[in-house]
Protein chains: 2
Amino acid sequence: MTEPRTGTPRERYRAHVRDEVKKHAWEQIGTAGAAALSLNAIAKRMGMSGPALYRYFANRDELITELIRDAYRDLADTVRARAAADAGLDGLAQALRRWALDDPQRYFLIYGTPVPGYHAPEDTTRISQEIMGMVLDAACAAAEQRPVPARALDEHLAEHRAWAGEHPAAPSALRQALTFWTRLHGVLSLELAGQFSGMGFDPALLYAAETEAVTGGTPSGHGDAPRPGR
Amino acid sequence: MTEPRTGTPRERYRAHVRDEVKKHAWEQIGTAGAAALSLNAIAKRMGMSGPALYRYFANRDELITELIRDAYRDLADTVRARAAADAGLDGLAQALRRWALDDPQRYFLIYGTPVPGYHAPEDTTRISQEIMGMVLDAACAAAEQRPVPARALDEHLAEHRAWAGEHPAAPSALRQALTFWTRLHGVLSLELAGQFSGMGFDPALLYAAETEAVTGGTPSGHGDAPRPGR
DNA sequence: CCCAAAGAGTTATAACTTCTAACGAACGCG
DNA sequence: CGCGTTCGTTAGAAGTTATAACTCTTTGGG
């Protein structure tokens, strides 16, 4: 989460306690969901009384916001590592699914049901944009090897490409990155939510099929092995 | 929600109070999310003390389960009405989006972040299957007019078609119904969660593009007007 | 019609939760 | 070695879910 080797002893201790709180928080979230997260319960498990935690987190929302921040950072790191290995769009898709399956509630903390009042802090939206940027990079790289056919939506995206920032992606790449996100999230979120549970088919194959469809069957760059199924 | 014209006066009164509780519950969920739903607050708004509501709902979870049940029923009714009008797959897609935008938290109550411990009651999964059945019907009807090309996934689905029940859909129709669900849910859930908010493009056009892609551009049956955008 | 049973709503209470306030003790910087 | 900052404590307010016990009303059977 954070490196403990900085600042004064007190700061290091503080960072250590904060990390331990977050560790217990993730456990609670994993077993009972974010709604059931209790500062009191965490304090007791750490062997101290409830109000002590308020020295480390202003309130429950700040702890959850911090967890969301960490989740975003971890996802960005995962995608960045995979992108650095030049794994291609399908490599990113695999990394995303693994990351999500590794801790479904962490995925839902980012992409799940929003709390009506809640507004994400600016830095998390920045990380979100960075992730999108890496997907855009991969989409452009894939388009060089195999051109992506144009769609009717491309025109609209060409006119509304503010979300891509300064990225020089072609309209078709914008669309590809966007549908990469929506299509994989569609399968992944329903799988993680257990909506496929009694249905019998293998979600991994559906995910692989969607990945192949959205990448145009591009077998990745020169990075790790493709392995469509699992 | 339920017809008040049945049973004894007491039963009718009971049903009336239950409906009023649910009405207030939906308001709370809409403005603060399901996690913030408070039986106490509902009771006070209805002019009675907290424990009185326990005459009508065993506990908070039972109320939420009942809301989920109602949401499923309402979605099934909406889809059924649209399917009866022979609106085609894209008609169902439009109906789904309208229904979701009408009350995002209601959509998320069904398709949003799951609570780790929670298991859906049997009747809601039955309704879910009924909805899937109607999508399958529409997919088969569309395939008669315009054949759907086969995909690699079809073979797997042909071998694992238990979820389709007795439905005689061809493997390609199974896949089409499944991706209809996952692709539209992918766009819709991210839109409802506000993930597209600062991005500039029109989610309706993205949804329309995904609808057209998944239906193969079939301009519906003979029902209501198609109207792709909005 | 009458009366007992059933049901509705009440208050009191327990066991939780978040979060503030006030206090004492320990830590570590100068 | 001090002395101020920081930490952890207990006390307590205001919420929550949920149960128990009690009162009052409604209802249906004799």
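Chain A is the first sequence line, chain B the second, and so forth, proteins listed ahead of strands; every chain is numbered from 1.
Remark: R97(B) is positioned above the aromatic ring of Y207(B), its terminal NZ or CZ atom under 6.0 angstrom from the ring centre and at most 45 degrees off the axis.
With contacts defined as side-chain heavy-atom distances shorter than 4.5 Å, the pair Q176(B)/L89(B) qualifies. The closest side-chain heavy-atom distance from Q94(B) to R82(B) is below 4.5 Å. Between E210(B) and L153(A) the shortest side-chain heavy-atom distance does not fall below 4.5 Å.
Pairs of residues two or more places apart, or lying in two chains, that qualify as salt bridge (Lys or Arg N to Asp or Glu O under 4.0 Å) and include a residue from residues 113-129 of chain A are R69(A)-D123(A). Judged as a salt bridge (Lys or Arg N to Asp or Glu O under 4.0 Å), the pairs with a partner in residues 101-116 of chain A (not counting sequence neighbours) are, in order, D74(A)-R106(A), D102(A)-R106(A).
Rounded to an integer number of Å, the gap from CD of E11(B) to C1' of dG7(C) is 12 Å. Atom pair H16(A):NE2 and dC27(C):C1' shows a separation of 17 Å (rounding to whole Å applied).
In this structure, R10(B) and P51(A) both approach DNA chain D, and ranking their closest nucleotides by distance from the 5' end singles out P51(A).
Running 5' to 3' along DNA chain D, contacts with non-hydrogen atoms of chain A at under 4.0 Å begin and end at dT5(D) to dA11(D).
Aromatic ring orientation, W181(B) versus F196(A): perpendicular (interplanar angle above 60°, classes split at 30° and 60°). Using a 30° and 60° split on the angle between ring planes, W163(B) and F201(A) fall in the perpendicular class, above 60°.
Only at 4.0 angstrom or more do the heavy atoms of residues 35-46 of chain A sit from any atom of DNA chain D, so none qualifies. Within residues 52-68 of chain A, the residues having any heavy atom under 4.0 Å from DNA chain C are, by residue number, Y54(A), R55(A), N59(A), R60(A).
Qualifying side-chain hydrogen bond (donor to acceptor under 3.5 Å, both in side chains) partners for T65(A), counting only residues two or more places apart in sequence or in other chains: Y118(A).
When each of T211(A), L188(A), V79(A) is tested with L96(A) by the rule side chain to side chain contact (heavy atoms under 4.5 Å, CB included), just one qualifies, namely L188(A).
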